Number of protein chains: 2
Amino acid sequence: MADITSESPSEKLAASGRPPHAADDDRRSTSDLLACIELFYFAYRGFTCEADSILEQYGFGRAHHRVLHFVNRNPGLKVAELLDILRITKQSLARVLKQLVDEGFIIQKAGHEDRRERRLYLSAKGARLTDKLTQIQAKRIEGALAGLGSGADAMTRNFLFAMVAEKDKPRVEALLRSQRGGSPIEESEDCNL
Amino acid sequence: MADITSESPSEKLAASGRPPHAADDDRRSTSDLLACIELFYFAYRGFTCEADSILEQYGFGRAHHRVLHFVNRNPGLKVAELLDILRITKQSLARVLKQLVDEGFIIQKAGHEDRRERRLYLSAKGARLTDKLTQIQAKRIEGALAGLGSGADAMTRNFLFAMVAEKDKPRVEALLRSQRGGSPIEESEDCNL
DNA sequence: CCAATAAGTCAACATGGCTGACATAACGTC
DNA sequence: GACGTTATGTCAGCCATGTTGACTTATTGG
């Protein structure tokens, strides 16, 4: 695969005829970082666009997708936890959550310990849609990783985690742990957000 | 650095007490891909949030940032080209572009060949703001790459490029090339989008 | 009984997408 | 020089999804 994004001196020379000069090497090449900034924007667009077009068929948007995703990943999630993950207001969440519940994609059950809580679960219908969305995004990521060498997998995850805002890192770490750990979030003692 | 995101069998065992079983290894672990999906969301949020808070001080949003960014990267950009990069309607662009021009962050000049064209440039003021935004994002990316091994740089760019939607790839490739190539977009013969 | 908590709801507003329709100026051609 | 095309700008209105503030309801626990 042609390495489109790299800026090795030889390629720089070959592609543009401009000789590399010392100023380009201020730590990491500014040009490379600029390329990353831009790529991140386009990559995120690529990441979401296929799922968006499926969601559109259901009259849903990306906000609905997020709810489906995190409920899928954390069955029995409390509304308050979801709010904390998404960092939006309950009014914003309510709008999309209500639709998802009304249309039977998400099921709410009162908590058995504390009946004020509404634990969120996917219905079969909700699981079907979520699976479809997940598969399309997983496929794209898998395809992207496939072209890269071994270790790309872990390196990419580490890069992405490092990009997460500091204040979000503990939460994201807990989410990843609980999900790959196996014990559902509602039954863990130490993961109650 | 603790590798938070990896799912090596040993860690899986240590973290959750759940033994790894064969079904986890369907090509790439589904759990790892799910983690990537989630990480991409949180990472993009981390990527944008600092810039967003600066923009807010100016009464601008992410839409303004995109315009500033691409004009900075492609001085003399035509409105039509910008529309094609952003994939939004001219009405949506007009709203933010008008603000940026009215407030003196962006300068429009009629093209010298075709005077219908409005070539876009940053004013000194616009360049100052854009630099501030770029620096904060570049710093975050640099920080994220710093923790990873050598080669993370190129691998990350390649991963991100691979995530770009197929229909966008030629355009993104051209953008990267023109910018690292050196010849400004308005003077190149073969890059006229 | 009562204060605190989890959740839901109503109203209003901002941003940034969208569509459709139309205006203006400049270009190029017949 | 008239005319069709192109590049851009603009008006009006709609939608999705974020925000704030205020208030209700059900439930918990002291």
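Remember, it's a predicted structure, so these values are computed and weren't measured experimentally. All chains are named by letter (A, B, ...) in the order of the sequence lines, taking the proteins before the strands, and each is independently numbered beginning at 1.
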What's the [atom1]-[atom2] distance between [X] and [N], to the nearest Å?
X: B/K78; N: D/dT6; atom1: NZ; atom2: C1'; result: 11 Å
X: B/E117; N: D/dT6; atom1: CD; atom2: P; result: 14 Å
X: B/L82; N: D/dT8; atom1: CG; atom2: P; result: 10 Å
X: B/K98; N: D/dT8; atom1: NZ; atom2: C1'; result: 13 Å
X: B/L83; N: D/dT10; atom1: CG; atom2: P; result: 14 Å
X: A/L97; N: C/dA6; atom1: CG; atom2: C1'; result: 13 Å
X: B/L55; N: C/dA14; atom1: CG; atom2: C1'; result: 16 Å
X: B/Y41; N: D/dT17; atom1: OH; atom2: C1'; result: 12 Å

Only counting residues at least two apart or in another chain, list the ones meeting side chain to side chain contact (heavy atoms under 4.5 Å, CB included) with [X].
X: B/K90; value: B/L83
X: B/K98; value: B/D102
X: B/K169; value: B/F161, B/V164, B/E166
X: A/R128; value: A/A124, A/K125

So, is A/Q108 close to the C/dA7 phosphate, meaning a side-chain N or O under 4.0 Å from OP1 or OP2? no

B/R115/B/E117 ion pair, N-O < 4.0 Å: no

* Asked: Any ion pair linking B/R140 and B/E142 (charged N to carboxylate O, less than 4.0 Å)?
  -> no

In 5'-to-3' order, the base (B), backbone-only (S) or no-contact (-) status of each nucleotide in nucleotides 24-30 of chain C, using a 4.0 angstrom heavy-atom cut-off, is --BS---

Its contact letters, B for base, S for sugar-phosphate only and - for none at protein heavy atoms under 4.0 Å, make nucleotides 15-23 of chain C read -BBBBBB--

Who pairs with [X] by ring pair (Phe, Tyr, Trp, His ring centres under 6.0 Å), at least two apart in sequence or on another chain?
X: A/F40; value: B/F40, B/Y44, B/F47
X: B/H69; value: none
X: B/F42; value: A/F70

Touch class at under 4.0 angstrom, heavy-atom based, for A/E56 against every strand present:
nothing

